[in-house]
Enquirer: 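Structure incoming, see below.
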Amino acid sequence: MYKRTHTCGELKRENIGDTIYLNGWVNTVRLHGQVVFVDLRDRYGKTQIVFNADSFSGDFEAVKKLSMEDVLSIKGQVQSRAESAINPKMETGEIEIVVGEYIMLNEASPLPFVISDRENAEENLRLKYRYLELRMEELQRNMLIRHETYQATRSYLSGEKFVEIETPMLMKSTPEGARDYLVPSRIHHGKFYALPQSPQIYKQILMISGYDRYFQIVKCFRDEDLRADRQPEFTQIDMELSFIDEEDIFSIIEGLTKHIFSQVRGIELLEPFERLTWAVAMETYGSDKPDLRYGLELKDVKEFTDASDFNAFKSAKRVKAIVVEGGAKYSRKNIDQFTDYVKKYKAKGLAWMKGEDGVLIGGISKFFSDELHQSIRSSLNVKDGDIIFMIGDKESVTLNALGQLRIEIAKKESLAKTDEYRPVWITEFPMFEYDEEANRYIAMHHPFTAPRNEDISMLDTDPSHTLSRGYDLTMNGYEIAGGSIRIHDQKIQEKVFSLLGLSREEAIEKFGFLVEALTYGAPPHGGIALGFDRLVMLLAGTENIRDVIAFPKTTSATSLMDESPNNVSIVQLDELGIKIKDIEK
RNA sequence: GGGAUCGUAGUUCAGUUGGUUAGAACGCCGGCCUGUCAAGCCGGAGGUCGCGAGUUCGAGUCUCGUCGGUCCCGCCA
């Protein structure tokens with residue numbers, strides 16, 4: 001191999017006449033008999049190299065056999081291209097390299113797919129040969145964005161006096177929340193470690209230990225079913241701070257987020273970030289992670305439907321509507337598709353009316369008096385050419401289903417600008433959700449989240465309406481961070497455990513070391529964790545988390561490249577004292 | 001756990017109401033070619049139609065099951 005003097009992206013007109021060395025992959029070969037053009041590629045770019053039978057002293061027949069993805073080391077001279085041969089699409093398009101000598105470093109086998117763009121192969125094939133897909137420009141760009149996001153995060157937080165501390169990957173399984181990935185212990189037969197769902201307990205303990213600003217870019221593991229934006233192992237920017245309140249957290253995270261967007265993409269986010277309470281977000285957008293790049297707000301219409309002859313909504317707890325500007329163009333088929341869509345979210349149907357000639361027509365309009373038509377039109381600002389969609393049901397279904405329809409319509413109508421970023425804090429979450437299956441309260445965030453000071457007394461009287469000091473940062477419809485001010489008072493902590501159905505004994509059994517630690521001088525503290533992968537998705541402009549992870553898993557949590565998970569030997573199992581049982585289906 | 005959808009040459013796809021020998025492009029192999037940059041031209045090889053049953057005189061096509069990918073619901077404190 002020749003030591004390269006340059007990369008494949010940097011040679012320009014100024015280098016003409018220089019003798020240079022390049023290493024790289026054969027991107028394309030264009031064979032013209034006595035002259036062969038090769039685009040040599042590395043991660044910095046592409047450069048055209050030329051083998052000319054007249055001047056090339058080596059084996060020209062071998063040159064003719066060059067093929068895609070061979071790895072070459074070349075020595076050559078930079079020369080200018082004829083005016084007509086300049087390629088304006090290439091960074092290095094004004095020059096080319098006349099090859100004097102070359103070394104074939106590795107001859108590539110015929111490829112399972114052509115490495116030009118990702119549409120050339122189905123995803124299962126690309127995942128099996130991920131190392132080939134990672135050579136593609138789009139993924140290389142995403143990995144670079146990811147790299148820059150790591151660096152921006154570390155430099156910003158370090159500058160703000162945060163200390164990066166690693167916490168264990170092998171820890172105790174905790175009962176609440178997602179399923180744990182378990183790791184059997186060899187030394188302790190029958191016992192298991194769990195991989196962290198998050199370093200939650202450790203970071204609180206670090207506060208008790210006095211590291212008042214902690215952060216970590218850390219892998220977390222959750223054994224749950226996957227989605228386009230969810231992987232079984234994912235990365236968080238995990239943070240915890242002492243002697244702070246919500247405003248401190250907001251200000252640091254706004255600073256960090258601004259810094260990342262500015263450093264990585266040159267985008268200046270506006271400060272301060274918007275804020276919505278959870279209740280307002282749910283009422284207005286039908287989501288706790290609303291995309292504010294477009295309106296389509298949910299409006300209350302129960303007063304109108306109650307006054308109408310449309311009886312289906314009379315028993316509905318809530319009736320909400322969205323008005324789609326220009327939506328009167330929707331055909332019966334479109335509306336049926338939207339109806340099917342909202343049914344996925346438990347809505348029984350989708351009512352509609354269109355604005356035309358100063359009244360409302362179609363759908364359920366005949367059940368409304370002329371007077372109601374006018375009140376609805378003025379109250380909801382419905383113009384001719386618009387359509388109103390309505391859902392009536394219990395509150396959670398109405399809000400969620402209409403909120404999902406809002407997103408679907410925005411997608412169909414391309415209402416969201418791709419280069420716009422709208423961060424918004426969601427605050428004042430309920431402390432608890434009632435789990436009807438388990439017949440008990442479960443923590444909406446996690447069991448260490450503090451209630452609002454003014455709500456502490458409600459823990460005894462009305463726990464379901466207690467609001468917490470939790471907060472999420474959302475952006476463009478994604479939850480990118482979530483956290484809370486924690487309980488640092490053990491009495492309140494025990495009260496919350498008991499509301500969650502955990503007896504003192506159980507709480508000590510499960511979180512004992514934290515409960516005990518809280519008694520030895522716990523400072524008021526709180527924290528947040530940013531979903532690193534989702535943040536990079538937003539920065540990279542993709543909607544698929546696999547696009548920003550070098551070696552992702554499929555939606556069934558397998559790796560097609562290394563075929564994990566996989567069987568292990570009997571010897572390994574014996575050492576662990578584990579026997580595989582057949583599970584009946 | 002459930003729903004939708006996809007699976008045909010190395011790859012991306014086409015393949016008619018079920019009907020003769022399953023096609024195209026790119027890639028691969030061989031030949032021609034000194035200015036291409038999606039190089040071009042000529043020729044060739046290449047198929048367990050994911051797998052397994054079933055219906056039928058006949059299945060890439062219809063039915064059932066199964067495996068795998070994707071998207072979604074549930075789930076993800």
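Every chain is numbered from 1, with letters handed out A, B, ... down the list of sequences.
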Enquirer: Under 4.0 Å, heavy atoms only, any strand: does P110(A) hit a base, just the sugar-phosphate, or nothing?
Expert: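 Here P110(A) touches no strand at all.
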Enquirer: Is the distance from OP1 or OP2 of C37(B) to the nearest side-chain N or O of T28(A) less than 4.0 Å?
Expert: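 So the side-chain polar atoms of T28(A) never come under 4.0 Å of the phosphate oxygens OP1 or OP2 of C37(B).
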Enquirer: Indicate the ring-plane relationship of W278(A) and F429(A), choosing parallel, tilted or perpendicular according to the 30° and 60° boundaries.
Expert: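 Tilted, since the angle between the ring planes falls between 30° and 60°.
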Enquirer: Scan residues 471-486 of chain A for pairs that pass side-chain hydrogen bond (donor to acceptor under 3.5 Å, both in side chains), counting only residues two or more places apart or in two chains.
Expert: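 Found E240(A)-R486(A), H446(A)-R486(A), T449(A)-S484(A), S484(A)-R486(A).
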Enquirer: Please state how far atom CG in D117(A) lies from atom P in U11(B), giving the value in whole angstrom units.
Expert: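 Whole-Å distance recorded here is 16 Å.
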Enquirer: Taking atom C1' of C37(B) as reference, at what distance in whole Å does atom CZ of F51(A) sit?
Expert: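 Distance check: F51(A) CZ to C37(B) C1' gives 15 Å.
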Enquirer: Rounded to whole Å, please give me the gap between CD in Q34(A) and C1' in A39(B).
Expert: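 For the pair Q34(A) CD and A39(B) C1', the rounded distance is 16 Å.
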Enquirer: Is there a side-chain polar atom (N or O) of R227(A) under 4.0 Å from OP1 or OP2 of C73(B)?
Expert: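 Affirmative; the distance criterion is met.
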Enquirer: Provide, to the nearest angstrom, the distance between the CG atom belonging to L40(A) and the C1' atom belonging to U36(B).
Expert: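 The distance from CG of L40(A) to C1' of U36(B) comes to 16 Å, rounded to the nearest Å.
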Enquirer: Using a cut-off of strictly less than 4.0 Å, decide whether R546(A) has a side-chain nitrogen or oxygen near OP1 or OP2 of C71(B).
Expert: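 Answer yes for this pair, as a side-chain N or O of R546(A) is under 4.0 Å from OP1 or OP2.
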Enquirer: Nearest to the side chain of E122(A), heavy atoms from C-beta on, is which of U12(B), C37(B), G69(B)?
Expert: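 Of all the options, the side chain of E122(A) is nearest to U12(B).
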Enquirer: Which class fits the ring pair F389(A) and F338(A): parallel under 30°, tilted 30 to 60°, perpendicular over 60°?
Expert: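 Geometry flag for F338(A) against F389(A): perpendicular rings.
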Enquirer: Which whole number of Å gives the distance between the C1' atom of G44(B) and that of A59(B)?
Expert: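 Each nucleotide's C1' atom is 31 Å from the other's.
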Enquirer: Whole-Å distance between A39(B) P and N87(A) CG?
Expert: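 Distance check: N87(A) CG to A39(B) P gives 11 Å.
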Enquirer: Which heavy atom of A401(A) sits nearest to which heavy atom of V342(A), and what is that distance?
Expert: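 Here A401(A) and V342(A) meet closest at O-CG1, 3.9 Å.
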Enquirer: Relative to the 5' end of RNA chain B, which residue comes earlier, A82(A) or L560(A), by the nucleotide with the nearest heavy atom?
Expert: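 First, find each residue's nearest nucleotide; the 5'-ward one identifies A82(A).
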Enquirer: Rounded off to whole Å, could you give me the CE-to-P distance for the M68(A) and G10(B) pair?
Expert: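 To the nearest whole Å, that distance equals 16 Å.
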Enquirer: Searching all strands shown, indicate the nucleotide that pairs with A38(B) (Watson-Crick or G-U wobble; both distances under 3.5 Å).
Expert: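 Checking every strand shown, A38(B) finds no partner, since no pair has both distances under 3.5 Å.
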Enquirer: Rounding to the closest angstrom, what is the interatomic distance between A25(B) and C62(B) at atom C1'?
Expert: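 The answer is 30 Å between these two C1' atoms.
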Enquirer: In this structure, how many angstroms lie between the P atom of U36(B) and the CD atom of Q48(A), rounded?
Expert: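 After rounding, the gap between these two atoms is 10 Å.
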Enquirer: Would you please test Q404(A) and E408(A) for side chain to side chain donor-acceptor pair (under 3.5 Å) and show each step?
Expert: CA-CA 6 Å; Q404(A) 293 292 347; E408(A) 182 66 10; over 6 Å; no
Enquirer: Check whether any side-chain nitrogen or oxygen of K344(A) sits under 4.0 Å from OP1 or OP2 of G2(B), and answer yes or no.
Expert: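 So the side-chain polar atoms of K344(A) never come under 4.0 Å of the phosphate oxygens OP1 or OP2 of G2(B).
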Enquirer: Tell me which one of Q204(A), H488(A), K203(A) satisfies side-chain hydrogen bond (donor to acceptor under 3.5 Å, both in side chains) with H525(A).
Expert: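 Of the listed options, the one satisfying the test is Q204(A).
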Enquirer: Between K65(A) and G30(B), does any side-chain N or O lie under 4.0 Å from OP1 or OP2?
Expert: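 Checking G30(B) against K65(A), a side-chain N or O does come within under 4.0 Å of OP1 or OP2.
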Enquirer: Is there a Watson-Crick or G-U wobble partner for C33(B) with both distances under 3.5 Å, and if so, which one is it?
Expert: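 Base partner found: none.
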Enquirer: Using a cut-off of less than 4.0 Å, is there contact between a side-chain N or O of N544(A) and OP1 or OP2 of C71(B)?
Expert: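 Result: yes.
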Enquirer: Rounded to the Å, how far apart are I115(A) CD1 and G10(B) C1'?
Expert: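 Roughly 13 Å, once rounded to whole Å.
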Enquirer: Counting only side-chain heavy atoms from C-beta out, which of U36(B), C33(B), U12(B) sits nearest to A121(A)?
Expert: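 Output: U12(B).
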Enquirer: To the side chain of D225(A), which of U11(B), G1(B), C13(B) is closest?
Expert: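 For D225(A), the side-chain atoms sit closest to G1(B).
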Enquirer: Go ahead and name the base partner of G7(B); Watson-Crick or wobble counts if both distances stay under 3.5 Å, otherwise write none.
Expert: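 Its partner is C67(B) (Watson-Crick or G-U wobble, both distances under 3.5 Å).
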Enquirer: Counting Watson-Crick and G-U wobble pairs only, both distances under 3.5 Å, name the nucleotide matched with U20(B), or none.
Expert: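 Pairing partner: none.
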Enquirer: Does S556(A) place a side-chain N or O at less than 4.0 Å from the phosphate oxygens OP1/OP2 of G68(B)?
Expert: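 So the side chain of S556(A) is outside the cut-off, no N or O lying under 4.0 Å from OP1 or OP2 of G68(B).
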Enquirer: Do the side-chain N or O atoms of S109(A) get closer than 4.0 angstrom to the phosphate oxygens (OP1, OP2) of G10(B)?
Expert: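 Checking S109(A) against G10(B): no side-chain N or O falls below 4.0 Å of OP1 or OP2.
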Enquirer: Would you say R30(A) places a side-chain N or O within less than 4.0 Å of OP1 or OP2 belonging to A39(B)?
Expert: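 Answer is yes, contact under 4.0 Å.
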Enquirer: Which residue, Q404(A) or K89(A), contacts RNA chain B at a nucleotide closer to its 5' end, judged by nearest heavy atom?
Expert: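 With Q404(A) and K89(A) compared, the 5'-side residue is K89(A).
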Enquirer: Determine the interplanar angle of the Y102(A) and F56(A) rings, folded into 0 to 90°, and report it as parallel if under 30°, tilted if 30 to 60°, perpendicular if over 60°.
Expert: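 Geometry flag for F56(A) against Y102(A): tilted rings.
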Enquirer: Can you tell which of C37(B), U70(B), C76(B) lies closest to the side chain of L127(A)?
Expert: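 Between C37(B), U70(B), C76(B), the one nearest the side chain of L127(A) would be U70(B).
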Enquirer: Once you apply a heavy-atom cut-off of 4.0 Å, does D223(A) come out as touching a base, just sugar-phosphate, or nothing?
Expert: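 No contact at all - D223(A) keeps every heavy atom at 4.0 Å or more from the nucleic acid.
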